[in-house]
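Structure record follows, encoded as structure tokens.
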Protein chains: 2
Amino acid sequence: MTYTLAEEDYLKAIYKIAERHGTPVSTSAIAELMQTRPASVTDMLKKLADKELIDYKRYHGVSLTRTGARQATLLIRKHRLWECFLVDKLGFSWDEVHEIAEQLEHIQSDTLIDRLDDYLENPKFDPHGDPIPDASGAYRMRYQILLSDLGLHQPAVLVGVREHASSFLQYLDQNRLALGATLEVIEVLPYDGSVRLRLGDGEPILISGQVARQLYVRQTTESA
Amino acid sequence: MTYTLAEEDYLKAIYKIAERHGTPVSTSAIAELMQTRPASVTDMLKKLADKELIDYKRYHGVSLTRTGARQATLLIRKHRLWECFLVDKLGFSWDEVHEIAEQLEHIQSDTLIDRLDDYLENPKFDPHGDPIPDASGAYRMRYQILLSDLGLHQPAVLVGVREHASSFLQYLDQNRLALGATLEVIEVLPYDGSVRLRLGDGEPILISGQVARQLYVRQTTESA
DNA sequence: TTTGTACTTTAGCCCCGTCTAAATTCTTCA
DNA sequence: TGAAGAATTTAGACGGGGCTAAAGTACAAA
Ligand SMILES: [Mn+2]
Ligand SMILES: [Mn+2]
Ligand SMILES: [Mn+2]
Ligand SMILES: [Mn+2]
């Protein structure tokens, strides 16, 4: 019923890889995300399989069981709620909170996280725009597309980031690319796929195609 | 520069025992407080001595070095600030917070705890009346005596508890014995040392000598 | 001064989570 | 279809932190 820090982090890693690349999840993908060796991953996979948190067939990758998936989403819930706390209450910026939340998410207390949720007034999204599962583990995906897939002159709002590295988030800050910003693609440069944007009512800015593929936007009504 | 959870808890235990019973601190005292075996304590003492966090001579107990004591007080600072957060912001009661703070105190972040301190408006005492060290590790002891040592008809205020067990704190709640309560000893029963108190302006209550020896009070002016 | 007893340490073991090196299995392509 | 070559697992080790049982030390009482 209660899992170790390492077990929790593995479950979360498997969940995130499955979410992005589908199932089954390979040993090497887990090793890369967790910065460990594949041999270490194999060891842990056996333990998680013994506890029926994953379905594991040697040489064929893993997927989470219902129990494992539930545990992973509860951990993600805790991670994201703590990030909200750090940003909204303690004044951290969105590029500073990940490492701390990576620790805080493992605090074991049945009531703590629900009280924190109430204290924060039940936020639905974390500082990076990621949805926060409720106490039962359920959440709805926000409607979103990649900025790189947004049509020309389609008004849209920045709602999330695919990349969470500090350096990337700081780059966004420097270019006034904050969540909630309204934008519109003015031009896509054919040579390298760079994108020229109108941001709010300011001067147009230019971002690389690389960056455009890391930003999630929601289209707004034409007339907005 | 950064210590494991177990190392931190051992340093804190040594600090607390030394504070209450003086130095050197015995292996068995540590084992009892930490709920482990003396053999395990001996193993850890060797490691802490290697890292120069304690002075250790086989068979003769330990004391903290300057570095060790500093580390212990910083841990206590974190523990007590988190307890304030849990009580003041999340609405926990003082008997529910110890276990959670026991985990939260180990979160590693240079800035987190200082921001938390500011967010809580730099409290000087935790929910149990214990002083909170500042960022440099310094704190002043509150003036206090045991209720069992308070003279008859001396007006006083309840400022701290020596015992932190949930059952004890709940007992205090049930008898309206909260920190800050004004009180006065009306009578000490000679047979078993029980104490009759006037609490605020309510009816007198009777507490055992056992309980009276767990409560810290500060005398107030006669005219108060 | 000796000795009994309580306290402490050592020896040897265990589990967790990680690693390297070697062996195994899968897959792809000639 | 039969190797390479890549991915994965196994074998064996290690450090951290804990335990039991046995041995060593200190100290108080005789
Ligand atoms: Mn984590
Ligand atoms: Mn996030
Ligand atoms: Mn602790
Ligand atoms: Mn406290």
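What you are looking at is a predicted structure, and each value in this text was computed from that prediction instead of being measured. Side chains are part of it too, since the values below use all heavy atoms of this structure and drop only hydrogens, waters and symmetry mates. In what follows, chains carry the letters A, B, and so on, assigned in the order in which the sequence lines appear, proteins first and then strands, with residues in each chain numbered from 1.
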Excluding sequence neighbours, so at least two apart, what forms side-chain hydrogen bond (donor to acceptor under 3.5 Å, both in side chains) with B:Asp192? B:Ser194
A:Phe85: ring-ring contact (aromatic ring centres under 6.0 Å, His included) partners, not counting sequence neighbours: A:Trp82, B:Phe85
Heavy-atom contacts, protein to nucleotides 2-21 of chain D, under 4.0 Å, summarised as B (base), S (sugar-phosphate only) or - (none) per nt, yield ------BBB------BSBB-
Mind calculating the distance between CG (A:Leu48) and P (C:dT18) to the nearest angstrom? 11 Å
Would you please enumerate the stems DNA chain C participates in, each stem being three or more consecutive Watson-Crick or G-U wobble pairs with both distances under 3.5 Å? C:1-30 with D:1-30
Under 6.0 Å from the six-membered ring centre of A:Tyr119 and within 45° of its axis: does the NZ or CZ of A:Lys89 meet both? yes
Quick check, are the ring centers of B:His164 and B:His98 under 6.0 angstrom apart? no
Residue list, salt bridge (charged side-chain N to carboxylate O under 4.0 Å, His left out) with B:Glu8, at least two apart or on another chain: none
Looking at residues at least two apart in the chain, or sitting in another chain, which of them share a ring-ring contact (aromatic ring centres under 6.0 Å, His included) with B:His106? none
SB check B:Arg213 B:Asp149 (cutoff 4.0 Å): no
Side-chain donor-acceptor contact under 3.5 Å, A:Asp173 with A:Trp94: yes
